[in-house]
There are 2 protein chains.
Amino acid sequence: MNRQRLLCADCKAPCLMKEINDPEAVKIVEEKKTTLVCSKNQKIFHEDMPVNSISFIHSGIIKVYKTGINGKNHIIRFSKTGDILGHRGLNTKYYPVSASTIEDSSICLFPKDFFITFLENNSRVAFKLLLFFSKELENSEIMQFNLAQMNVREKVAETLLYLNTTFGTDKNNRLNITLSRQDLSDYAGTTKEQVSKILSEFQSENLILLDKKDIIINELNELKKIASFGVHLS
Amino acid sequence: MNRQRLLCADCKAPCLMKEINDPEAVKIVEEKKTTLVCSKNQKIFHEDMPVNSISFIHSGIIKVYKTGINGKNHIIRFSKTGDILGHRGLNTKYYPVSASTIEDSSICLFPKDFFITFLENNSRVAFKLLLFFSKELENSEIMQFNLAQMNVREKVAETLLYLNTTFGTDKNNRLNITLSRQDLSDYAGTTKEQVSKILSEFQSENLILLDKKDIIINELNELKKIASFGVHLS
DNA sequence: ATTAAAATATGACAAGTATCATACTTTAGT
DNA sequence: ACTAAAGTATGATACTTGTCATATTTTAAT
């Protein structure tokens, strides 16, 4: 983990700060920013750590999760370039979740106090963030529904659809994210063994192809049918 | 369902609109407001209905839920006096959830367009709403965790704790909300039969007392121990 | 390239939960 | 107060899922 300088002007990430129109404001924001570069499988923040900053992902993939007993976590979401991180710390003194890198990542940090003041003085950005929270809440409520009502097969299918929507695939339908069975199950709400079994099942039905830890999606529509009972994340 | 006139000035409900300081603004808001009075077990809005207004609960109790297949719903939350309702319609054209009254209720409606304009011009209220959304998101993520990791006994205990925190009890520890077994199970993420069984179990352990459809909480701390594995809603 | 460690796949089994059937209780309307 | 309908309690059973054990594959370090 080390720090380096990244300029907003050169940045292609579609983060909330891109909503700032005033060049003066951009300059001020730029000055308050620090950037953190970290390799894969590193913890960025942990439950009960004090919240000092609100961040945006410049590059990489990060999992946000709650720690359960005997090491069984529940993954809330996988975040990528442009996504806000630690935003739930806005109304809490300590983080209610943990975050770790899935891949090498770099993130831009803003001091929490500065960010709050900034929001209070930029109603347009604040309103954008409000809409984002509303969207996040929608996704979280859909997850609630799916966890409460789907069986394991449906939950694993839904997880693949979520990863497909969020990270996409390359030209060969290979998912642009590689996860362990444990991470998949921590998101789906089941065990790593069940994920193994269901993925093998999907493969034998030619819905997917397993290539080492990669997943190639052959029949997206069939997966959608399996998960069709649930509501889908977007 | 009928309409009647309720004045904000006389209102004791701790709703977001109480955050408005400017008397002129209060007058404008007051004029845009309509009030809806409806008896128990009535549908207020339904999934896929267009969102025309954002509301606040003046009195009563309302359940917000997603409709599953074969009538098995998932209840997202029980809302009460002062709570905002339909706020998720802010960023969607159609409601992503349904809402029905659990008790006789009255709600204050504001046209959606007006409400959005109002927010954009009142950064203080917008920021308050932002913090509220953040809090809602926290609760929803805790629900995700509990649904993913708790067993039925823990989920039912957690549901009782949630109702105790949200609605409180009278001087005899009798919960200030009365729900059917079906509603309890739709919130807990199990079946009505399991809720019956677990509640009987709790009663035989003297943790609670069942009096008709009412629930009297005898040993709050013991219930907390049972649900201690999970994180708690606040 | 080799080897040890980690991750994955898979079958057998146990535990937990949903479903079904039925008896009982409560509610609401006359 | 009576009655039908709705809701609840509870046991039996079947099904799903988690757990455990073990074989196999993959990864990473030498």
Side-chain angles (χ1 to χ4, degrees), chain A residues 39-41 68-74 102-104 146-160 175 177-205 208-216 226 229, chain B residues 39-42 63 68-74 102-104 146-160 175 177-205 208-216 226 229:
Chain A
S39 53
K40 70 188 290 189
N41 296 322
I69 51 167
N70 35 32
K72 185 162 170 44
N73 299 326
H74 174 64
I102 292 283
E103 299 183 351
D104 297 353
N146 291 345
L147 288 166
Q149 303 212 350
M150 281 183 169
N151 65 30
V152 171
R153 191 175 150 92
E154 291 163 343
K155 287 194 276 194
V156 174
E158 178 64 32
T159 300
L160 295 180
L175 277 180
I177 180 174
T178 305
L179 294 170
S180 67
R181 297 291 178 264
Q182 186 67 63
D183 278 345
L184 284 169
S185 68
D186 284 351
Y187 181 84
T190 179
T191 59
K192 58 184 188 303
E193 292 92 342
Q194 294 293 335
V195 168
S196 266
K197 287 171 194 175
I198 301 287
L199 287 182
S200 297
E201 212 174 283
F202 285 167
Q203 180 167 236
S204 72
E205 296 166 30
I208 63 171
L209 190 72
L210 299 172
D211 177 19
K212 306 282 166 65
K213 286 181 75 177
D214 284 3
I215 298 173
I216 292 129
I226 291 169
F229 160 55
Chain B
S39 53
K40 69 190 289 189
N41 296 322
Q42 282 203 298
K63 66 173 172 183
I69 50 166
N70 36 32
K72 184 161 170 45
N73 298 327
H74 173 64
I102 293 282
E103 298 183 351
D104 297 352
N146 292 345
L147 288 166
Q149 303 212 351
M150 281 182 168
N151 64 30
V152 171
R153 190 175 152 91
E154 290 163 343
K155 287 195 276 194
V156 174
E158 178 64 31
T159 300
L160 294 180
L175 277 181
I177 180 174
T178 305
L179 294 170
S180 68
R181 297 292 178 263
Q182 186 67 62
D183 277 345
L184 284 169
S185 67
D186 284 351
Y187 181 83
T190 179
T191 60
K192 57 184 189 302
E193 292 92 341
Q194 293 293 337
V195 168
S196 266
K197 286 170 193 176
I198 301 286
L199 288 181
S200 296
E201 212 173 283
F202 285 167
Q203 180 167 236
S204 73
E205 294 167 30
I208 63 170
L209 190 72
L210 298 172
D211 177 20
K212 305 281 167 65
K213 286 180 73 179
D214 284 3
I215 298 173
I216 292 129
I226 292 169
F229 161 55

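Proteins come first, then strands; the chains are lettered A, B, ... in the order of their sequence lines, and each starts at number 1. As the structure is a computational prediction, the values presented were derived from the model and not from experiment.
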ask   = Hey, are the side chains of B:K63 and B:D186 touching, using non-hydrogen atoms and a 4.5 Å cut-off?
value = no

task = Using the closest heavy atom to pick a nucleotide of DNA chain D for each, name whichever of A:R153 or A:K213 lands nearer the 5' end.
result = A:R153

note = Assign each of B:K192 and B:K197 the nucleotide of DNA chain D bearing its closest heavy atom; nearer the 5' end lies the nucleotide of B:K192

Spacing between A:Q194 atom CD and C:dG16 atom P, to the nearest angstrom = 15 Å

task = Take atom CD of A:E201 and atom P of D:dT16, then tell me their distance rounded to the nearest Å.
result = 11 Å

query = Do B:I216 and B:L175 come within less than 4.5 Å of each other through their side chains, counting heavy atoms only?
reply = no

query = Within this structure, what is the CD1-to-P distance between B:I198 and D:dT8, rounded to whole angstrom?
reply = 16 Å

message = Checking contacts here: which listed nucleotide (C:dT10, C:dA9, C:dA18) is nearest the side-chain heavy atoms of B:V152?
response = C:dA18

ask   = To the nearest angstrom, how far is A:L179 atom CG from C:dA7 atom P?
value = 14 Å

ask   = Hey, which of B:I198, B:L184, B:D183 is the one that makes side-chain contact (heavy atoms from CB on, under 4.5 Å) with B:T159?
value = B:L184

key: Test item: B:L160 and B:F202 side chains (from C-beta on) under 4.5 Å apart, heavy atoms   = yes

ask   = Are A:L199 and A:R181 side-chain neighbours, meaning at least one heavy-atom pair lies under 4.5 Å?
value = yes

query = Between the two end axes of the helix from C:dA1-D:dT30 to C:dT30-D:dA1, each built from 5 base pairs, what angle do you get to the nearest 10°?
reply = 60°

key: Set of residues satisfying side-chain hydrogen bond (donor to acceptor under 3.5 Å, both in side chains) with respect to B:E103, sequence neighbours excluded   = none

query = What is the distance from CG of B:L199 to P of D:dG7, rounded to the nearest Å?
reply = 17 Å

ask   = Counting just side-chain N and O atoms, does A:T190 come under 4.0 Å of either OP1 or OP2 of D:dT17?
value = no

query = Whole-Å distance between C:dT19 P and B:K72 NZ?
reply = 8 Å

key: C:dT10 OP1/OP2 closer than 4.0 Å to side-chain N/O of A:S200   = yes

remark   = Among the nucleotides C:dT19, D:dA9, C:dA9, whichever has the atom closest to the side chain of A:R181 is C:dA9

ask   = So what does B:S196 touch, heavy atoms closer than 4.0 Å: a base, only the sugar-phosphate, or nothing?
value = base

message = Applying a 4.0 Å non-hydrogen cut-off, can you work out what B:K212 is touching in the nucleic acid: base, sugar-phosphate, or nothing?
response = sugar-phosphate

query = Atom CE of B:M150 and atom P of C:dG16: how far apart are they, to the nearest Å?
reply = 16 Å

query = CG of A:N151 versus P of D:dG18: gap in Å, rounded?
reply = 11 Å

query = Can you tell if the side chain of A:K197 reaches within under 4.5 Å of the side chain of A:V152, non-hydrogen atoms only?
reply = no

